[in-house]
Protein chains: 2
Amino acid sequence: MTVTLKDIAAVAGVSHSTVSRALNGNPMIPPETAVRIRKIADELGYVPNTIASGLRRTHSKVLGVLVRRIDDAFLAEVLQGIEDVLYAEGYGLFLATSRRKPEREQAIFRSMSERRVDGVIVCSTEVSQEHLHQLSKFGVPTVLINNQAAIEMAHSVTHDDMSGGLALTRHLIELGHSRIAYLGHSRTGRITRDRLAGYKEALNQAGLPYRAEYVAAGPNGSAEGGAMGMEKLLKVDVRPTAVVCFNDMMAIGAMHALRQAGFGVPEDCSVTGFDNIPLSQYVNPPLTTFHQPRYELGTEAAEMMLRLLSRKHKNLNAAETIALRGRLVVRESSGPPPDGTRNGQ
Amino acid sequence: MTVTLKDIAAVAGVSHSTVSRALNGNPMIPPETAVRIRKIADELGYVPNTIASGLRRTHSKVLGVLVRRIDDAFLAEVLQGIEDVLYAEGYGLFLATSRRKPEREQAIFRSMSERRVDGVIVCSTEVSQEHLHQLSKFGVPTVLINNQAAIEMAHSVTHDDMSGGLALTRHLIELGHSRIAYLGHSRTGRITRDRLAGYKEALNQAGLPYRAEYVAAGPNGSAEGGAMGMEKLLKVDVRPTAVVCFNDMMAIGAMHALRQAGFGVPEDCSVTGFDNIPLSQYVNPPLTTFHQPRYELGTEAAEMMLRLLSRKHKNLNAAETIALRGRLVVRESSGPPPDGTRNGQ
DNA sequence: AATTTTTGCGCAAACCTTTGCGTGGATGAT
DNA sequence: ATCATCCACGCAAAGGTTTGCGCAAAAATT
């Protein structure tokens, strides 16, 4: 049924080795023979069997990508970045989502090992050190994107969360705010801490006090989580006049909760997000946020992986981290504090 | 380096065939032998080589998925639906994005053929009849999701666009609108036509005239496209009091353009979207839209593909289409028309 | 006890490609 | 004419698995 090298060889009157070499551009085969064979292959409708060639060669030209979930504006764009460079380099992309289930993650790593992917890119998931170790034991290189727990001896690309938290908070301070809250996300580790650290640092630099009651966390990173977190903050005695949210979706939820409670944004309370997801500019009011180089996170990770694969002498030990910088995006959800709160509380 | 069946066989003192059979649960091997072998395999850290087994077997247990792009709220959720059922069934997911480039699409189909995927799911892209034919020639079954051009003899799952357009328009009519515009998307084929058809049908049923000047198209399906389309509609002599947009992002753009021009939504002009993307409830005002069963589109397509693969006697000819129904979601972007336009213009 | 059946497993081929090594013929040098 | 060189290609092994067939030993039947 399907045509193989042997079939082409029979028609061309050569051995299948010659066909293989001709098709792979091996210089051993003179050009005229090569084009003749190529032509016959095309006429016969030959489609090389990557799976057979992968068996003989050592690599599969496929990269595994593990991501928490696909239907997330942030991750989707990172994925697109990865896919674009993999496509350009002729690599395939084997995708799986962990959905935060450790057993699913486990199964995925196994499946990727079995499929002999050349490497795996792990994106924004709480991946355990052991799993990664298990992979590296098989010589499967790994690149981490925004890993939650800082993992030793790993290749990773991250964005600079701390400077983002700092930039947003400083922006609010410059607008005159002093009662600034931080609305985090209880299920994320390093990232929420880093952003919180930036927030604290900004307060510190401005000589403003840090108040524990101004730090709340939503149960998750969605709009619902933001709304729930905001409701907590609204119960504080002296309400904050600005809130730095963990991400844009939470900020959107927070604004929703504020509106529900009868407060205007930014008149009564400024709100900032984080990530600059495409939507943040279309909500009303458009969101002040910190832009993440999402797409670039993907491309950088993919390129790092490709570099890793090209230097065959896998000195996987040499850890490497590249940190991408974001930028403050000021829109209309942040403004001066309400009158009377300008200086001090 | 890596441990193979042969290594296990050596330790267990049997042949590698026996190991293979034991590990695959072949009843020929008595249970006690099987568990003994299984144990040795585990101790040795054996990881089956799917690529070798795929060579011997005829199938790869991998499905190709071709999608226009990943960073699109709609497609991402469809993808998640696909991934979830594939994961549950032990299938892998090989992902590629066409990004509307025909040559890229071509290359992707080729790459998928070469990788011997068991089938491909094509999602919402303007895929040509020939490409699909090329795949089916190789016995690679195909399932289409929301294909733009209705393609003959194909398996596909779609949503019912016409009834969506009809439901939205009827909703506006019931609110009292008579000057209702349709804002389409010039780059999509069947879908925009179907929604338009539903719009016309609703007008027709209500005895309202269809006016060509009330039908505009944006250059693309994004918020920018919606804004640009809306600007055209605002130039019409007698402005519409409601506009049915092709999708939510365009609706968001349209609302933006209306605000820029000093009009209120819905006081001056109602706006409806299509898709009910997660964000549509968080924009201000929250968007009236037509919910698409995105996730289910994915799961249905994956399940259809799996059914296709299970009946080995590939009677691929038997076309099959399943249409999923959506539902109207009324929020605050639609309301009664401004005074004085209620009856007639 | 002799014969048949069953059980448990090994042999080897097959899947398709890549590649080290070898070979026969042509070409060039002496 | 003889020998070394080189060119173009073929042979066969290798990569890891699955599986039809066969075979010896054990069990069951007579």
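To find a chain, count down the sequence lines: A is the first, B the second, and so on, and within it residues start at 1. Heavy-atom basis, side chains included; hydrogens, waters and symmetry copies ignored.
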Phosphate contact (dC9(D) OP1 or OP2) by S17(A) side-chain N/O below 4.0 Å: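 Result: no.
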Side-chain N,O (Y46(A)) to OP1/OP2 (dT17(C)) below 4.0 Å: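 So the side-chain polar atoms of Y46(A) do come within 4.0 Å of the phosphate oxygens OP1 or OP2 of dT17(C), strictly under.
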Any donor-acceptor N/O pair under 3.5 Å between dC15(C) base and T58(B) side chain: no
Heavy-atom donor-acceptor pair, R21(B) side-chain to dG10(C) base, under 3.5 Å: yes
Pair R110(B) + E114(B), salt bridge at N-O below 4.0 Å: yes
How many Å lie between [atom1] on [X] and [atom2] on [N], as a whole number?
X	N	atom1	atom2	value
D7(B)	dG16(D)	CG	P	9 Å
L55(B)	dT18(C)	CG	P	12 Å
E114(B)	dC15(C)	CD	P	20 Å
M28(B)	dG20(D)	CE	P	9 Å
K6(A)	dA12(D)	NZ	C1'	12 Å
I51(A)	dC15(C)	CD1	P	14 Å
N49(B)	dT18(D)	CG	C1'	13 Å
L23(B)	dC9(C)	CG	C1'	15 Å

Validation row: R294(A), Q80(A) side chains within 4.5 angstrom (heavy atoms): no
Any T97(B) side-chain heavy atom under 4.5 Å of L75(B) side chain: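 When only atoms from C-beta onward are counted, L75(B) and T97(B) do not touch, as no gap falls below 4.5 Å.
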Which nucleotide wins on minimum distance to the side chain of [X], given the candidates [options]?
X	options	answer
A52(B)	dC9(D), dT17(D), dG15(D)	dT17(D)
R56(B)	dA12(D), dT19(D), dG15(D)	dT19(D)
V14(B)	dG10(C), dT19(C), dT18(D)	dG10(C)
S53(A)	dC9(D), dT18(D), dT17(C)	dT17(C)
I29(B)	dC9(C), dT17(D), dC9(D)	dC9(C)
H16(A)	dC16(C), dA12(D), dA13(C)	dA12(D)

Sugar-phosphate, base or nothing in reach of N26(A), heavy atoms under 4.0 Å: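 Touches nothing.
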Sugar-phosphate, base or nothing in reach of T4(B), heavy atoms under 4.0 Å: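 Touches sugar-phosphate only.
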Closest-nucleotide 5' rank along DNA chain C - winner of T18(A) and E32(B): E32(B)
Residue whose closest nucleotide on DNA chain C lies nearer the 5' end, T33(B) versus R116(B): T33(B)
Side-chain (S113(B)) to main-chain (F109(B)) donor-acceptor, under 3.5 angstrom: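 Answer holds: yes.
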D72(A) side chain to F74(A) backbone, donor-acceptor under 3.5 Å: yes
Test: R104(B) cationic atom under 6.0 Å from Y87(A) six-membered ring centre, within 45° of axis: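 Yes; both conditions hold, so R104(B) lies above the ring face of Y87(A).
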